[in-house]
Student: 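Pasting a structure here, questions to come.
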Amino acid sequence: MASVMEVYEALMDHFGPQEWWPAESTFEMLVGAILTQNVSWRNVEVALENLKNHGVLDPERMQGMEQRELEILIRPTGFYRQKAERLKALSQAVLEQGGVVSFLKQEDLRNKLLGIKGIGPETADSMILYGAGEPTFVVDAYTTRITARVFGVEADYHTIKAFFEEDLPRDPVIYGEYHALLVVLGKRHCKKSKPVCEGCPICHLCPC
DNA sequence: GGCCAGGTGTAAA
DNA sequence: TTTACACATGGC
């Protein structure tokens, strides 16, 4: 069976650095993390553009606007009523801490994030890794699927998270690149319905 | 028309 | 503790 490091190196050699998270500001990163829940990133980009065009990609402006208007702007991401409520909860929490920087410097940040309605383990870990720059491994649907297929590990969120963290240097850059590379692999090759082995950079390491 | 997309909260077994 | 379901738009 392939090792976690071998797969990482093969993905990096093939796809190169992804330099995630794609965002022009830290607040945009946090908002994107909520908007991308169970929706393709393409749809998120449209919503983020809508928010920018209306000048509300900012905690104060977002908190000050009508939730109903927010719903309209983020509609392309689906689940828009829930997500509008979640963005309101996020912007409120950010403002209560005096801004994005202080928000992400809170003690016990992970549990603080999980205490906000609408932020689960993946969203919290994304915010900590790509927003705060702290090393915590992010497990998404691609990671779960690829881990089962490539490493033969079928487990829950925190078991998979620990599986990667045990074999990697505690480095936010490596964690960030690895997660991004798994997403790219998942989109192009390790698909839900069936693997696309043609051109897959880790086919030689995979029991598929 | 069916499947999938960078999940989470809630309720019931 | 596990499983089922609601939440909703858009691309292929």
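Labels below follow one simple rule: chain letters A, B, ... track the order of the sequence lines, proteins then strands, and each chain is numbered from 1.
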Student: Whole Å only: how far is the CD1 atom of A:Ile116 from the C1' atom of B:dG9?
Tutor: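 Computing the A:Ile116:CD1 to B:dG9:C1' distance gives 15 Å.
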
Student: Take atom P in B:dT10 and the same atom in C:dA8, then report the distance between them in whole Å.
Tutor: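 Nearest-Å result for B:dT10 against C:dA8 at atom P: 14 Å.
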
Student: Please tell me which of A:Leu114 and A:Pro22 maps to the more 5' nucleotide of DNA chain B, matching each residue to the nucleotide holding its nearest heavy atom.
Tutor: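 Whichever sits nearer the 5' end wins; that is A:Pro22.
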
Student: Provide the closest heavy-atom pair for A:Leu113 versus A:Ile119 in the form atom of the first, atom of the second, distance.
Tutor: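 In this case the closest contact between A:Leu113 and A:Ile119 is O-CB, 3.4 Å.
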
Student: In terms of side-chain geometry, is the basic nitrogen of A:Arg110 or A:Glu134 positioned less than 4.0 Å from the acidic oxygen of its partner?
Tutor: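 Salt bridge absent between A:Arg110 and A:Glu134.
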
Student: Could you tell me if the side chain of A:Val139 sits less than 4.5 Å from the side chain of A:Pro121, heavy atoms only?
Tutor: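 The answer is no, as the side chains (C-beta and beyond) never meet within the 4.5 Å cut-off.
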
Student: Would you indicate whether the side-chain heavy atoms of A:Glu19 and A:Glu177 approach each other to under 4.5 Å?
Tutor: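 SC-SC contact between A:Glu177 and A:Glu19 confirmed.
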
Student: Can you tell me the distance, in whole Å, between the CD1 atom of A:Ile74 and the C1' atom of B:dG7?
Tutor: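 The answer, rounded to whole Å, is 14 Å.
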
Student: Tell me: CG of A:Asp125 to C1' of B:dG7, nearest whole Å?
Tutor: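 Rounded to whole Å, this separation is 13 Å.
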
Student: For nucleotides 10-12 of chain B, tabulate all protein N/O to nucleotide N/O atom pairs closer than 3.5 Å, reporting atom names and distance.
Tutor:
residue: B:dT10; atom: OP1; partner: A:Lys117; partner atom: NZ; Å: 3.4

Student: Walk along nucleotides 5-12 of chain C from 5' to 3' and tag each nucleotide B, S or - by protein heavy-atom contact under 4.0 Å, base first, then sugar-phosphate.
Tutor: --BBBSS-

Student: Using whole Å, what does the distance between atom P of nucleotide B:dG7 and atom CG of A:Leu35 come to?
Tutor: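 Distance, rounded to whole Å: 13 Å.
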
Student: Is there a chain of hydrophobic side chains (I, L, V, M, F, W, Y, each step under 4.5 Å between heavy atoms) that links A:Leu104 to A:Leu114?
Tutor: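 Looking at the clustering, A:Leu114 is in a separate group from A:Leu104.
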
Student: When you compare the side chain of A:Pro195 with that of A:Cys190, does any pair of heavy atoms fall below 4.5 Å?
Tutor: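 SC-SC contact between A:Cys190 and A:Pro195 ruled out.
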
Student: Return the orientation label for the A:His189 and A:Phe15 ring planes: parallel under 30°, perpendicular over 60°, tilted otherwise.
Tutor: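 Ring orientation, 0 to 90° scale: tilted.
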
Student: Can you check the A:Arg188 CZ to B:dA5 C1' distance for me, whole Å?
Tutor: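 Going from CZ in A:Arg188 over to C1' in B:dA5 covers 16 Å.
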
Student: Within the 4.0 Å heavy-atom criterion, would you say A:Ile34 contacts the bases, only the backbone, or no part of the nucleic acid?
Tutor: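 A:Ile34: no heavy atom of the nucleic acid under 4.0 Å.
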
Student: For residues A:Met62 and A:Val31, determine if any side-chain heavy atom of one lies less than 4.5 Å from a side-chain heavy atom of the other.
Tutor: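 Answer yes - side chains close enough.
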
Student: Could you tell me the separation between the CE atom of A:Met127 and the C1' atom of B:dT8, rounded to a whole number of Å?
Tutor: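 Distance, rounded to whole Å: 12 Å.
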
Student: Could you tell me if the side chain of A:Tyr157 sits less than 4.5 Å from the side chain of A:Thr144, heavy atoms only?
Tutor: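 No; the side chains remain at least 4.5 Å from each other.
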
Student: Mind calculating the distance between OH (A:Tyr157) and P (C:dT1) to the nearest angstrom?
Tutor: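 These atoms are roughly 18 Å apart.
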
